[in-house]
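Just so you know, these numbers come straight off a predicted model, no measurement behind them.
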Number of protein chains: 2
Amino acid sequence: MPINILIVDDDDIILSSLKLIMDLDCDINVKGLCKNGDVAYKAILQGQDIDVILMDIQMPVCNGIIATKKILELRSSIKVIVLTTFDDDEYIYEALKNGAMGYMLKNSSPDKIIEAVKVVQGGNLLMHSNIALKIPGLLKKEKKIVLDSLGLSNIELNIMKFIAKGHTNKEISEELYLAEGTVKNKITEIFNKLGLRDRTQIAIYYLNNCGG
Amino acid sequence: MPINILIVDDDDIILSSLKLIMDLDCDINVKGLCKNGDVAYKAILQGQDIDVILMDIQMPVCNGIIATKKILELRSSIKVIVLTTFDDDEYIYEALKNGAMGYMLKNSSPDKIIEAVKVVQGGNLLMHSNIALKIPGLLKKEKKIVLDSLGLSNIELNIMKFIAKGHTNKEISEELYLAEGTVKNKITEIFNKLGLRDRTQIAIYYLNNCGG
DNA sequence: AACATCTTGTGACTTAAGTCACTCAAAAAA
DNA sequence: TTTTTTGAGTGACTTAAGTCACAAGATGTT
């Protein structure tokens with residue numbers, strides 16, 4: 001049986017050229033072309049039998065990320081392939097979160113896009129190398145950058161970690177074999193070095209910049 | 001030219017059966033079998049010409065995650081395919097962070113694994129559906145689960161958010177048009193409902209469970 | 001030895017945070 | 001209407017957090 005696909009893009013030229021490419025393969029059946037995410041969503045809502053969606057990111061009315069989220073909430077069996085021209089980090093992250101199963105660049109060769117449709121239809125996730133290489137950078141907010149670059153001593157760093165675990169000064173002093181007063185002094189130092197105000201801000205800083 | 005691969009697994013049976021599978025395809029050339037990540041690392045270090053590595057996760061001496069990291073730091077052009085029996089969340093996340101380009105289950109069919117080797121060699125990231133479906137859960141720590149499930153009122157939630165931004169009670173009272181005393185009372189309520197102790201723990205809780 | 005310096009500690013202090021019993025007014029239920 | 005319930009507020013209190021000046025011991029430099 002053929003793979004029924006929907007193509008979603010605000011650009012007519014891309015829309016028609018993608019249709020041309022897809023029509024080249026006799027296993028693929030282009031069931032519809034949509035000018036934005038909202039139109040696609042409504043098509044699914046009306047019960048169109050779609051297996052795979054080629055989804056542009058930047059579109060007026062309803063962009064590809066939101067459309068993906070809404071469509072998958074409606075019917076999670078549909079495989080969404082996200083198409084990007086520029087590979088914007090934030091979009092990839094959001095698309096992953098929303099459950100898209102394919103990530104291709106628009107300038108990929110026709111056979112690569114066809115391959116992607118088939119791999120994704122087979123249930124697997126496929127991502128273009130240029131996009132995949134961005135993932136590590138997206139996921140790790142690099143502990144060590146902060147760890148080195150801010151001139152905190154080892155003890156100050158340890159105190160910071162304990163604060164970020166929600167411990168009190170007394171507890172920290174016992175855990176690090178220091179006097180409570182010393183812990184307080186160190187914390188004041190951390191405030192000065194990082195431009196913070198209270199221990200809650202230290203915890204927030206640590207969780208946001210040094211991973212949690 | 002053939003694809004040169006290395007197979008890394010502590011289990012001899014899996015090692016030899018994977019070799020059998022790979023030998024079925026004439027485009028693939030098994031160049032070596034390693035009993036743990038450290039052996040694989042040393043093989044790369046000695047300059048073995050490898051394109052793709054099939055890497056087990058759980059191994060003695062040096063596990064697959066650490067090995068992937070070390071090997072890619074050495075030679076980033078190598079494509080690592082992670083093989084798992086059980087699909088452990090934490091491992092997937094770590095492997096993604098370290099730059100692995102393939103994620104397959106060991107019980108995948110031989111042709112699926114061969115397909116994975118070729119897709120990955122072509123530069124793309126491939127991930128088994130069962131694993132891919134776990135990504136959204138890994139990435140979003142679901143704001144709304146906490147938002148609803150913990151019986152916090154709207155005001156309490158707003159106060160929580162401001163605490164997680166590092167604001168003082170006075171600031172919060174001005175931002176929410178409440179008396180400072182009311183803010184304090186609400187915070188005490190949050191403590192009781194969530195079993196926390198001070199505002200720093202609220203900030204930590206919010207950042208860990210409700211995204212930041 | 002004399003000097004600087006770095007880490008840890010102390011004590012006295014100010015302020016913010018957190019607790020608790022109780023008030024007051026508006027809204028909802030009887 | 002009367003009674004409860006609920007949300008916001010007050011005031012007095014305890015405790016933890018944070019500031020600051022300074023002391024003591026270890027180490028290091030000239």
Interatomic distance where [atom1] belongs to [X] and [atom2] belongs to [N] [whole Å]:
| X | N | atom1 | atom2 | result |
| --- | --- | --- | --- | --- |
| B:Lys186 | D:dG9 | NZ | P | 9 Å |
| A:Phe191 | C:dT15 | CZ | P | 16 Å |
| B:Ile159 | C:dG18 | CD1 | P | 12 Å |
| A:Glu180 | C:dT8 | CD | P | 16 Å |
| A:Leu196 | D:dT19 | CG | C1' | 16 Å |
| A:Arg199 | C:dG18 | CZ | P | 10 Å |

With B:Lys35 as reference, evaluate B:Asp12, B:Asp9, B:Asp11 under the salt bridge (charged side-chain N to carboxylate O under 4.0 Å, His left out) test and give the passing residue.
->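 The option that passes is B:Asp12.
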Check whether any side-chain N or O of [X] sits under 4.0 Å from OP1 or OP2 of [N], and answer yes or no.
| X | N | result |
| --- | --- | --- |
| B:Thr182 | D:dA8 | no |
| A:Thr188 | D:dT19 | yes |
| B:Lys170 | C:dA16 | no |
| A:Asn169 | D:dA17 | yes |

Run the salt-bridge test on A:Lys186 and A:Glu180 with the 4.0 Å N-O cut-off and return the result as yes or no.
->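 No, A:Lys186 and A:Glu180 are not salt-bridged.
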May I ask you to say what A:Asp198 touches in the nucleic acid, namely base, sugar-phosphate or nothing, with a heavy-atom cut-off under 4.0 Å?
->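 The residue A:Asp198 makes sugar-phosphate contact but no base contact.
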More 5' along DNA chain D: B:Lys184 or B:Ala179, using each one's nearest nucleotide?
->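 The residue closer to the strand's 5' end, by nearest nucleotide, is B:Ala179.
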B:Tyr177 or A:His167: which one's nearest nucleotide on DNA chain D is closer to the 5' end?
->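 Its nucleotide being nearer the 5' end, the pick is B:Tyr177.
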Is there a donor N/O on one and an acceptor N/O on the other, under 3.5 Å, for the side chain of B:Asn185 and the base of D:dT10?
->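 Looking at the base of D:dT10, it does pair with a donor or acceptor on the side chain of B:Asn185 (distance under 3.5 Å).
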